[in-house]
Amino acid sequence: MIKRLEHFLTTRHLLIGTGLMRFFLGIGILYHLIFHYRERHLLWGAGGLWPTDKFLEASAKRGIVTLFQLSDSPWFFEVVYHLGILVVLMFILGFRTRLATVLTFLLVWSLYYRNPFITNGGDNIVRIQLFYLMFTQAGAAFSLDRWLQKRKKAGTPGWLAPYGAVLHNVAAAAIIIQLMFMYFTSGIYKVMGSMWQEGTAVYYAMRVQDYVWPGVSPWFWQSETVIVFLSYASVLFQVSFPFLLLNRYTKYLALLGAFTFHTGVGLMMNLALFSWYMIACEWILLGDREYHRLARLGKGIRAKGGAWMLKHRPAFFTRWEVTVFYDGWCPFCTQSVNTARRLDWLRLLKFVSFREPGVPERFGLDPDRLEQRLHSTGDGKTFHEGIDGILQMVTRLPLLWPAVPFLFLSRWLGFGQRVYDWIAARRTILPTGGCDEHCSIEDPKKSS
């Protein structure tokens with residue numbers, strides 16, 4: 001019994017959910033920073049809505065310490081803000097994940113208390129959950145750290161590994177408990193409200209001018225049945241949420257309810273970022289085995305759905321088809337192509353290895369350029385290279401659409417192509433039939 005408990009505690013759990021939570025929280029934080037980029041000084045600057053003297057006075061009373069107490073100069077604020085964007089990008093990609101998570105927490109904490117009057121419940125939950133996330137192994141899935149670790153030879157785990165696993169599990173449990181308390185207490189407070197008891201609370205919330213969705217909101221508030229149902233369903237879901245999680249079958253109902261609830265809040269009450277944060281936190285509620293089970297189920301559905309899509313999809317889809325030229329001698333490239341094939345639900349991508357005989361000549365492409373960068377084309381005449389080819393490919397993969405704005409941003413800022421070239425120049429190449437002296441495309445001058 002003791003050994004089983006020890007094995008359970010020293011085995012890392014919820015790695016996939018933690019990685020997904022990290023990714024989606026990072027996307028939301030980055031969006032927040034970029035969306036408010038132009039008015040950043042007004043919102044958080046020394047001469048903005050909450051002047052430095054009042055901020056320092058309030059911080060001293062509450063015992064709060066932030067980065068902005070180090071200096072109130074504009075250049076210091078610019079450094080913190082722009083380095084913060086870079087840190088959040090590292091956090092999203094899972095590069096130096098532990099450090100990036102700590103720095104992201106410091107950034108969010110500092111911005112939160114620099115002007116607490118513009119925050120909402122979503123900012124509060126992010127601040128709390130990021131604190132717990134610092135103690136998890138959030139880079140163990142869907143991260144550059146994981147990819148880099150796979151490229152290295154697996155070593156023997158250190159003597160601290162079991163303690164790290166216990167710390168990870170405790171922190172992940174704290175995240176889940178925080179969510180359970182949040183939903184339950186929110187539901188209990190609603191139960192005590194007279195408008196929720198009468199089933200009219202959703203009506204009054206939707207009639208607030210800031211929350212009106214023209215042409216859609218009236219359809220809801222004009223139906224007494226819909227209003228009463230939504231009011232009571234909201235309370236019932238929130239109160240029952242912790243108990244639904246206790247069963248391996250009803251937890252799926254809890255997740256479905258949470259996704260539906262927050263999607264509705266985001267659309268109908270103009271609280272999109274709050275809903276995004278909440279949904280991001282809920283990815284951790286499923287275990288790794290459950291994600292693997294869902295992946296196997298999804299694989300079967302995609303196989304059947306892909307065949308159906310090819311047979312029944314509309315004719316105009318053919319205009320969106322893209323041919324991608326990749327390096328078939330590159331294991332990393334081949335693995336990426338296999339992943340893209342699994343995500344190609346619309347069957348819009350065709351992958352061709354330029355290593356196949358006659359491919360460069362048939363399409364009029366330069367083999368040297370093909371070795372350096374991925375190429376793609378939609379019409380066989382115009383070709384896109386590197387990050388542009390990645391963008392053309394990702395826009396055809398629905399599951400990766402959330403990453404499209406950030407890929408465009410990286411391209412526009414100029415570092416997207418550089419990062420792509422840096423990774424491409426360090427990939428391994430294994431020619432068919434074995435490895436020779438050309439198994440890497442790094443500059444030969446550097447190796448001489």
Side-chain angles (χ1 to χ4, degrees), residues 20-21 23-36 43 112 117-129 178-242 244-245 250-285 398-399 401-402 404-405:
L20 288 172
M21 178 181 173
F23 178 79
F24 283 97
L25 278 181
I27 293 290
I29 296 169
L30 183 61
Y31 169 81
H32 184 67
L33 294 174
I34 294 175
F35 184 80
H36 294 296
L43 298 178
Y112 182 92
F117 302 103
I118 59 173
T119 60
N120 58 40
D123 300 308
N124 188 40
I125 194 67
V126 169
R127 176 177 60 90
I128 296 172
Q129 301 293 50
Q178 178 68 40
L179 288 174
M180 295 170 68
F181 272 110
M182 184 201 66
Y183 279 112
F184 185 73
T185 55
S186 178
I188 291 298
Y189 274 110
K190 285 182 173 65
V191 169
M192 295 187 291
S194 59
M195 287 188 291
W196 289 102
Q197 294 174 8
E198 297 166 359
T200 59
V202 170
Y203 171 81
Y204 290 107
M206 294 181 68
R207 291 308 300 262
V208 177
Q209 190 62 35
D210 292 340
Y211 298 156
V212 172
W213 186 355
V216 178
S217 295
W219 185 87
F220 287 91
W221 71 51
Q222 288 172 4
S223 172
E224 181 179 343
T225 303
V226 172
I227 288 296
V228 172
F229 171 77
L230 291 177
S231 298
Y232 287 149
S234 299
V235 176
L236 179 63
F237 157 70
Q238 291 184 313
V239 172
S240 64
F241 182 84
L244 293 174
L245 289 181
T250 58
K251 70 162 52 177
Y252 290 101
L253 183 61
L255 277 175
L256 179 62
F259 288 166
T260 304
F261 177 80
H262 288 296
T263 299
V265 170
L267 292 175
M268 303 306 301
M269 300 185 66
N270 196 26
L271 295 172
L273 191 56
F274 164 77
S275 297
W276 180 275
Y277 285 147
M278 293 307 306
I279 291 174
C281 293
E282 277 140 11
W283 290 109
I284 200 174
L285 297 176
L399 194 62
W401 284 347
V404 171

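Here the closest non-hydrogen pair linking T250 and L244 is OG1-O, 2.6 Å. Between G266 and S275, the shortest heavy-atom distance links the atoms N-OG, 3.0 Å. Contact detail for W196 and S234: the closest heavy-atom pair is CZ3-CB, 4.1 Å. Here the closest non-hydrogen pair linking G199 and S231 is O-OG, 3.2 Å.
Here CG of L253 is found 9.0 Å from CZ of F237. Values are rounded to the nearest 0.5 Å. Within the model, atoms CE of M21 and CD of E282 stand 10.0 Å from one another, a figure rounded to the nearest 0.5 Å. With rounding to the nearest 0.5 angstrom, the CD atom of Q178 is 4.5 Å from the CD1 atom of I125. With rounding to the nearest 0.5 Å, the separation of CD1 in I284 from CD in Q129 is 8.0 Å. Rounded to the nearest 0.5 angstrom, Q222 CD and T225 OG1 are separated by 13.0 Å. Within the model, atoms CD of Q238 and CE of M182 stand 7.5 Å from one another, a figure rounded to the nearest 0.5 Å.
Using modelled atom types, one side-chain atom of W276 and one backbone atom of F24 make a donor-acceptor pair closer than 3.5 Å. Formation of a donor-acceptor pair under 3.5 Å by the S223 side chain with backbone atoms of F220 is not found in this model. The backbone N or O of G257 lies less than 3.5 Å from no partner atom in the side chain of T260, so there is not a single donor-acceptor pair. Listed for the Y232 side chain is no donor-acceptor partner under 3.5 Å among the backbone atoms of I227. Panel note: side chain S217, backbone V212; no donor-acceptor pair is recorded below 3.5 Å.
For the pair F35/L273, no side-chain contact is recorded, criterion being any heavy-atom separation below 4.5 Å from C-beta on. Looking only at side-chain heavy atoms (C-beta outward), N124 and T119 stay at 4.5 Å or farther from each other. Side-chain contact between M269 and F274 is absent, with no heavy-atom pair separated by less than 4.5 Å. With contacts defined as side-chain heavy-atom distances shorter than 4.5 Å, the pair L25/C281 qualifies. Looking at heavy atoms from C-beta onward, P218 lies out of side-chain contact with W213 at the 4.5 angstrom threshold. The side-chain heavy atoms of K251 and L285, taken from C-beta on, include no pair separated by under 4.5 Å. A heavy-atom distance below 4.5 Å is not found between the side chains of V202 and V228.
Each of F241, F261, Y189 was checked for a ring-ring contact (aromatic ring centres under 6.0 Å, His included) with Y183, and the lone residue meeting it is F241.
Ring pair Y203/W221 is perpendicular by interplanar angle, where above 60° counts as perpendicular and below 30° as parallel.
No more than 12 heavy-atom neighbours from other residues, nucleotides or ligands sit within 6.0 angstrom of CD on E224. In Y112, the OH atom is crowded: over 12 heavy atoms of neighbouring residues, nucleotides or ligands sit closer than 6.0 Å.
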From CA spacing to verdict: side chain to side chain contact (heavy atoms under 4.5 Å, CB included), F184, S240: CA-CA 7 Å; F184 185 73; S240 64; over 6 Å; no
Do M268 and V216 pass the side chain to side chain contact (heavy atoms under 4.5 Å, CB included) test, and can you show the C-alpha distance, the side-chain angles, and the key distance before you say yes or no? CA-CA 8 Å; M268 303 306 301; V216 178; 4.0 Å; yes
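Ring centroids of W283 and F259 are separated by less than 6.0 Å, placing the two rings close together.
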